[in-house]
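Single-structure report; data block below.
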Amino acid sequence: MIIGVKKKRNVSTASASSASKLLAMAKKRSSKATLLLIFISFTALYAFLPVLAPLPSLSSSSHHNKVNRNFEISRDMFWKDSQPFQIIGGDLHYFRVHPQYWEDRLLKAKALGLNTIQTYVPWNLHEPSPGRHVFEGFADIESFLKLCNKLGLLVMLRPGPYICAEWDWGGFPAWFSSMSPSPKLRSSDPTFLRLVERWWGNLLPKLVPLLYENGGPIIMVQIENEYGSYGNDKAYLQHLVVLARSHLGPDIILYTTDGGARENLEKGTIRGDAVYSAVDFSTGDDPWPIFELQKKYNAPGKSPPLSAEFYTGWLTHWGEKIAKTDADFTAASLEKILQKNGSAVLYMAHGGTNFGFYSGANTGSAEADYQPDLTSYDYDAPIREDGDVDNSKYNAIRKVIARYSSVPLPSVPSNIQKTAYGPIHLQRKTSLFDEFNFTSSTNVFESEQPMSMESVGQLFGFLLYVTQYKANGGIKTLLIPKLHDRAQVFISCPSEVTGARPSYVGAIERWSNNKLNLPNLKCHSNINLLILVENMGRVNYGPYIFDGKGILSSVYLDGEILHRWKMFPIPLHNLNEVPTHNGIMQVAYSARGKRLTSKHENTSREPAFYSGHFSIDKSSEVKDTYISFNNWGKGIAFVNDFNIGRYWPLRGPQCNLYVPAPVLKQGDNILVILELESPDPELVVHSVDEPDFTCSFGNMNLHQL
């Protein structure tokens with residue numbers, strides 16, 4: 001899900017229902033003429049698609065033993081095993097929840113009254129490097145789907161290939177940016193489609209045993225995601241349909257989801273009865289005129305009213321006030337759909353957390369209007385980030401759903417216990433810059449012009465750029481026309497006997513694109529210029545989705561281009577990655593720490609690693625907690641080698657990072673942080689038992705719902 005100029009979500013979405021199945025129609029109409037027409041349709045479709053790697057034929061797809069179950073669309077209704085069925089669903093993303101908590105969150109969704117779970121499938125989590133497919137840990141989608149089935153929850157699956165979702169680059173793998181030629185995303189470009197074929201060729205066969213007709217939970221599979229808000233390449237959409245059918249067979253309902261406006265539906269839907277078209281719209285809009293419009297984009301009798309993304313809240317960017325929506329208003333808007341037998345999927349039922357470096361970003365009307373997302377994806381959903389359900393929104397929505405549910409609602413599970421482990425005293429381990437040998441050629445890339453992060457294999461996190469300029473006196477003006485996303489600038493004099501500690505000059509941010517004045521530094525040699533660039537999340541929605549990271553232009557000093565750059569990767573592990581204890585992280589985790597020689601080092605603006613320990617005496621005391629970064633500046637944090645995400649209390653509104661209990665252990669636990677700007681002078685963080693979204697927000701635009 002996402003925003004345009006963030007209300008876009010109102011007229012678009014990312015998941016919904018599919019309908020009329022090509023060959024299922026053939027079953028209903030037994031005439032040979034109909035079968036012949038379907039065959040001709042497929043043949044004609046292939047004739048107009050770009051030349052691509054051969055697709056698996058329908059006859060080659062594995063046909064699992066069918067059970068006596070079916071899910072279909074007829075008479076403008078959903079039918080489950082020949083009985084009318086109202087979808088009361090909710091989005092819950094397996095990749096935003098610790099796997100040990102999947103069951104807890106699903107049971108709370110079921111107690112809310114939901115009968116269906118909708119989830120995206122993020123390509124980048126499952127294929128972090130070319131050809132290496134991952135389906136373990138947070139990416140164990142098969143176990144998640146089997147758990148849904150065990151708990152009696154149906155599933156609407158959204159495998160993209162684009163998912164939006166406030167997730168880095170809408171789920172596209174970052175290594176696409178290092179390909180030559182670069183694939184043209186969301187199009188019938190042959191290079192892109194070959195990548196999709198390889199990805200779906202690994203993913204979709206795993207889903208076949210989990211289709212509803214084969215005894216699994218999957219009732220519908222989405223094609224693309226709110227495509228009508230982006231493009232109009234019908235050949236691309238048609239190719240995805242053929243590809244999905246080749247793996248999943250003829251009976252599964254395929255669906256699209258688009259904003260409930262005519263322009264979006266014209267571009268994003270596939271006419272005919274092969275694909276069901278669902279809609280989304282702003283909470284509070286009158287749903288029924290939009291459902292009437294929806295009928296125009298579905299075959300007659302094939303348009304059950306479905307809001308595939310009914311917004312229970314909204315996302316929040318750094319620098320905004322935390323998004324909130326009224327509980328009673330949200331519940332009343334849902335009732336307007338359910339009371340006339342409409343179907344709805346709550347976006348979100350449970351938001352979860354953007355662990356690691358996977359949070360996405362948006363832009364406004366211009367590419368420079370960059371808006372990175374928080375680590376928290378709480379979304380003001382009825383099931384909160386930490387799984388709590390003792391809130392007015394959960395109760396109000398549950399009360400409405402209970403009036404329309406065909407079965408009594410289960411009792412509500414208890415909240416998972418949280419605790420405050422108290423203060424955690426940290427020790428400064430090392431300056432980030434001390435871990436690089438600027439005169440050695442080891443682990444460094446050299447180029448006349450700056451290289452992008454992707455081109456040196458630094459797909460997430462940080463990249464350090466180093467060059468030199470002449471010390472000829474006077475203040476100099478630094479300009480980086482295209483910077484993605486945020487840079488901290490330092491200068492040093494390598495000829496100084498003292499060791500020439502880098503001196504902080506200031507920050508350059510993509511959304512302000514400011515020039516920076518470098519102070520006059522007396523130096524008997526050339527001056528070192530160090531630029532630490534942070535990737536704060538790739539844009540996941542809108543026209544500026546082509547979002548490379550790092551320094552993407554020449555760098556100018558007083559109007560002259562700077563040359564001879566060195567790029568130093570900074571290897572920090574992401575979500576679902578096995579930690580590689582490289583030199584940098586080994587120092588951060590080592591027992592030795594740097595002895596502070598002055599109070600100045602406690603408050604230095606130089607990026608540095610800090611670590612601290614906290615002990616949990618009994619296994620029964622291992623509980624959820626939050627780490628509060630009040631009085632700290634900006635950085636990332638790891639607990640027991642698990643990347644819990646970015647913190648930025650200076651910008652806000654998020655102060656605390658969520659730490660699920662499965663990350664912790666009885667005995668010694670270690671917290672490591674990379675603080676980029678301003679450590680707490682006391683070098684203390686606190687483990688607390690609740691979230692906090694009240695930190696001051698800076699000069700970015702406030703997002704008002």
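For the side chain to side chain contact (heavy atoms under 4.5 Å, CB included) test with Leu145, the passing option among Leu153, Asp140, Leu207 is Leu207; the others fail.
For Tyr94, the side chain to side chain donor-acceptor pair (under 3.5 Å) criterion is met by His126, not counting sequence neighbours. Remark: Arg96 engages no residue in a salt bridge (charged side-chain N to carboxylate O under 4.0 Å, His left out) (not counting sequence neighbours). Asp378 meets the salt bridge (charged side-chain N to carboxylate O under 4.0 Å, His left out) test with no other residue; sequence neighbours excluded.
Checked against the 6.0 Å centroid threshold, Phe144 and Phe135 do not count as a close aromatic pair. Taking the six-membered ring where the residue is Trp, the centroids of Phe638 and His573 are separated by under 6.0 Å. Between Tyr227 and Tyr236, the ring centre distance stays below 6.0 Å. Residues Tyr230 and Tyr541 place their aromatic rings such that the two centres sit no closer than 6.0 Å. Aromatic pair His484/Tyr370: centroids not less than 6.0 angstrom apart. A ring-centre distance under 6.0 Å is not found for Tyr162 and Trp169.
Of all heavy-atom pairs spanning Tyr297 and Ser277, the tightest one is O-OG, 3.2 Å. The shortest non-hydrogen separation linking Asp386 to Pro691 is OD2-CD, 4.3 Å. Contact record, Cys148 with Val155: CB-CG2, 3.8 Å, taken as the closest heavy-atom pair. The two residues His98 and Val663 have their closest heavy-atom pair at CD2-CG2, 4.1 Å. When all heavy atoms of Ala344 and Phe310 are compared, the closest pair comes out as CB-CB, 4.4 Å.
Between Lys302 and Asp273 no salt bridge is recorded (no basic side-chain N to carboxylate O distance below 4.0 Å). Between Glu142 and Lys146 there is no salt bridge, since none of the side-chain N atoms of the basic residue sits less than 4.0 Å from a carboxylate O of the acidic one. Here Lys549 does not pair with Glu454 in a salt bridge; the nearest charged N to carboxylate O distance is not below 4.0 Å. Classification of Asp233 and Arg186 as a salt-bridged pair fails, no side-chain N sitting under 4.0 Å from a carboxylate O.
Proximity of a side-chain donor or acceptor of Gln86 to a complementary backbone N or O of Leu338 within less than 3.5 Å is detected. Side chain of Glu103 to main chain of Leu107: no donor-acceptor pair is present (N/O by atom type, distance under 3.5 Å, no hydrogens or angles). Using a distance-only test at 3.5 Å, with no hydrogens or angles considered, a donor-acceptor pair links the side chain of Asn124 to the main chain of Asp168. Distance alone, capped at 3.5 Å, places no donor-acceptor pair between the Trp175 side chain and the Gly457 backbone. Side chain of Gln654 to main chain of Ser376: a donor-acceptor pair is present (N/O by atom type, distance under 3.5 Å, no hydrogens or angles). Between the His93 side chain and the Phe95 main chain, no donor and acceptor come within less than 3.5 Å of each other.
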Start with the C-alpha gap between Tyr347 and Tyr379, add the side-chain angles, then the distance that decides, and say whether ring-ring contact (aromatic ring centres under 6.0 Å, His included) holds.
-> CA-CA 9 Å; Tyr347 194 102; Tyr379 210 83; 5.4 Å; yes

Run the side-chain hydrogen bond (donor to acceptor under 3.5 Å, both in side chains) check on Ser303 and Asn298 step by step: do they pass?
-> CA-CA 6 Å; Ser303 192; Asn298 283 306; 3.1 Å; yes

Please lay out, stage by stage, how Tyr377 and Tyr358 fare under the test ring-ring contact (aromatic ring centres under 6.0 Å, His included).
-> CA-CA 11 Å; Tyr377 198 61; Tyr358 276 116; over 10 Å; no

Begin from the C-alpha positions of Ile383 and Asp388 and carry the test side-chain contact (heavy atoms from CB on, under 4.5 Å) through to its verdict.
-> CA-CA 6 Å; Ile383 305 172; Asp388 277 9; over 6 Å; no

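Annotation for Glu266: atom CD counts as buried by contact number, over 12 foreign heavy atoms lying within 6.0 Å.
Below 30°, between 30° and 60°, or above 60°: for Trp123 and Phe192 the angle between ring planes is between 30° and 60°, a tilted geometry.
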